[in-house]
Protein chains: 2
Amino acid sequence: MATGRTHRPATRSRGIPEATVARLPLYLRALTALSERSVPTVSSEELAAAAGVNSAKLRKDFSYLGSYGTRGVGYDVEYLVYQISRELGLTQDWPVVIVGVGNLGAALANYGGFASRGFRVAALIDADPAMAGKPVAGIPVQHTDELEKIVQDEGVSIGVIATPAGAAQQVCERLVAAGVTSILNFAPTVLSVPDGVDVRKVDLSIELQILAFHEQRKAGELAAAGTVVPAAASHQGPAVARRAADQEPVTDQGPDGDVPAVMPT
Amino acid sequence: MATGRTHRPATRSRGIPEATVARLPLYLRALTALSERSVPTVSSEELAAAAGVNSAKLRKDFSYLGSYGTRGVGYDVEYLVYQISRELGLTQDWPVVIVGVGNLGAALANYGGFASRGFRVAALIDADPAMAGKPVAGIPVQHTDELEKIVQDEGVSIGVIATPAGAAQQVCERLVAAGVTSILNFAPTVLSVPDGVDVRKVDLSIELQILAFHEQRKAGELAAAGTVVPAAASHQGPAVARRAADQEPVTDQGPDGDVPAVMPT
DNA sequence: GATTGTGAAAGTATTCACAGCT
DNA sequence: AGCTGTGAATACTTTCACAATC
């Protein structure tokens, strides 16, 4: 789903479904939390609850990785953390460059979840000469002119684009020409890339529009039920309750060229 | 997919698939660009290319909305813009609050794609008293104490959580208690919400992990083919080429409780 | 007795391919 | 002749439900 690549014809078991891959990071986060609390084992039921999925799905997902559980007991937390990390490729160091150091780029540079997952911000790059040398999150910003050199010297294969939409395609081309083969795009554009390069996009605007769609539905249903809906006052229930049945990851680059998030269109 | 709501048993045509809903914003963006260039009509082929999907999928998607095209001709751009906007609920005003005004919150507040899509930042809210009154993107930051009042006074039904993970659940509960029924969560936590409340999440960390997974695969394939892979120097092709087969939207909250994006875990 | 791992069933989504309209 | 709209075919995902195992 996420790319132009078809992922191996799979002679044998090597065919983890995309939907499963997209959930592995969720499981990993939940497991990491358990690990920090020194919990030795979890059942599929408990872990599923912590990750916000149902247990059958979780077991099926894990079954693609191998048989890492013990019947009647559950899963060993540390062991699973290791196996999932390995499967995701997080046991190695991934140098990442962030291009575009506006508010969003700065937010990403400051993101703490990086280092703990094997990602390292190798460089921050911005087109504004005034930013050059200024440290953001302890990392000095470098000028776009240095892009190719940085990518090659650091062996960067993952690039993050947090520029305005107008600059994104050009930045993308330079990244790819320099050797980057995976791109996370926050700019609201569909990027064209050569075969073999993966692109994922994050788009705030799209998320909000999807929420608006469902919000509208709710209002319609209430109205149809004969209720007057006074804007936001229609909610009555207690603030906390069951876990939402399914919080989808705003992550899947399902279709092509999603609307990215944080810059002016 | 994105929520705990099941979307209407659908007596008649009223059952637009989630996958289609998630793509409507893409089409809308592409159509808006065409509209700005005063292009009167598009074929499914052209529009699909601009949105980064294939044309059969696009036609199928549109078929759920109705028959808005003309055989032998294509689709009227303005008319489609209107129909999709209406379907997504963008013809009305959606006041939104952003809770947590760090780099990410500021980036969101500055996002230009808001107003043009019917979204209006009704308030910025932060727990830090030092921020209170300071304008961000022209909007004065208000203290968390005001949250309930703001939501009720402005009739806010959509809330954006851009706080650190530790604060997210509590903020969520207060938003929901005050009347918010849709939440876009950027904090890396699974939120528990009552039935009837939609949650979508955006998570940078998850996106990077999925890219790492595929990146690892590529490296493995090259290695298997007997090639030595010198870090990032393995790319040879031209920088631009065909559009990536499918850039999935990092948007779908597909599974439950995805990992959000931009704060320290 | 508890809990995994997994075939088989059910539900969704995508793609094909062409009849039908302009 | 060109292009949409859509049934039918295919592919993927989730859920069920239970035999296998500890």
Side-chain angles (χ1 to χ4, degrees), chain A residues 1-4 6-10 13 15-24 26-27 40-49 51-77 79-80 83 245-249 252-256, chain B residues 1-2 6-7 9-10 13 15-24 26-27 40-49 51-77 79-80 83 245-246 248-249 252-256:
Chain A
M1 264 177 174
T3 75
T6 302
H7 304 296
R8 184 171 312 199
S13 79
I16 303 180
E18 267 303 305
T20 295
V21 171
R23 280 187 296 266
L24 293 180
L26 282 182
Y27 302 142
T41 60
V42 255
S43 66
S44 61
E45 203 69 59
E46 293 164 329
L47 183 54
V53 301
N54 80 41
S55 63
K57 198 188 279 182
L58 177 144
R59 288 200 302 279
K60 182 62 101 179
D61 284 342
F62 286 179
S63 79
Y64 294 116
L65 307 182
S67 285
Y68 297 149
T70 308
R71 291 167 203 240
V73 178
Y75 301 90
D76 181 274
V77 171
Y79 186 57
L80 248 196
Q83 290 298 346
D246 251 313
Q247 288 172 221
E248 297 192 20
D252 278 81
Q253 295 217 145
D256 285 45
Chain B
M1 265 175 176
T6 303
H7 303 296
S13 80
I16 303 180
E18 266 303 304
T20 295
V21 171
R23 281 187 294 267
L24 292 181
L26 282 182
Y27 301 143
T41 59
V42 256
S43 66
S44 61
E45 203 67 60
E46 293 164 330
L47 183 54
V53 301
N54 80 41
S55 63
K57 198 189 279 180
L58 177 144
R59 287 199 303 278
K60 181 64 99 178
D61 284 341
F62 286 179
S63 79
Y64 294 116
L65 307 182
S67 286
Y68 296 149
T70 308
R71 293 170 202 236
V73 178
Y75 302 91
D76 181 274
V77 172
Y79 186 58
L80 248 195
Q83 290 298 344
D246 251 310
E248 297 192 18
D252 278 80
Q253 295 219 146
D256 286 45

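Note that the coordinates shown come from a computational prediction; the quantities given were computed from them, not determined experimentally. Just so it is clear: chains get the letters A, B, ... in the order the sequence lines come, proteins before strands, and each one is counted from 1.
Remark: Tyr75(A) engages Phe62(A) in a ring-ring contact (aromatic ring centres under 6.0 Å, His included) (not counting sequence neighbours). Every side-chain contact (heavy atoms from CB on, under 4.5 Å) that Tyr68(B) has, sequence neighbours left out, goes to Leu65(B), Tyr79(B), Leu80(B), Gln83(B), Arg86(B). Among residues two or more places apart in sequence or in another chain, the side-chain contact (heavy atoms from CB on, under 4.5 Å) test is passed with Pro40(B) by none. Legend: residues meeting side-chain hydrogen bond (donor to acceptor under 3.5 Å, both in side chains) with Ser44(A), ordered by chain and number and at least two apart, are Arg59(A). Residues satisfying the side-chain hydrogen bond (donor to acceptor under 3.5 Å, both in side chains) criterion with Ser43(B), sequence neighbours excluded, are Glu46(B).
Summarising the geometry, atom OH belonging to Tyr27(B) is positioned 8.0 Å from atom CG belonging to Leu47(B); distances are rounded to the nearest 0.5 Å.
The CG-C1' distance, from Leu58(A) to dC16(D), rounds to 16 Å in whole Å. One can place CD1 of Ile16(B) at 15 Å from C1' of dA13(C), the figure rounded to the nearest angstrom. Separating the CD atom of Glu46(A) from the C1' atom of dA2(C) is a distance of 12 Å, rounded to the nearest angstrom. Note: CD (Glu18(B)) to P (dT14(C)) measures 12 Å, nearest angstrom. Between the C1' atom of dA13(C) and the NZ atom of Lys57(B) lies a distance of 8 Å, rounded to the nearest Å.
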For this session: List the protein contact pattern of nucleotides 2-9 of chain D with one symbol per nucleotide (5' to 3'): B for base contact, S for sugar-phosphate-only contact, - for none; contact means a heavy-atom distance under 4.0 Å.
Result: BBBBBBB-
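OP1 and OP2 of dT14(D) both lie 4.0 Å or more from every side-chain N or O belonging to Asn54(A).
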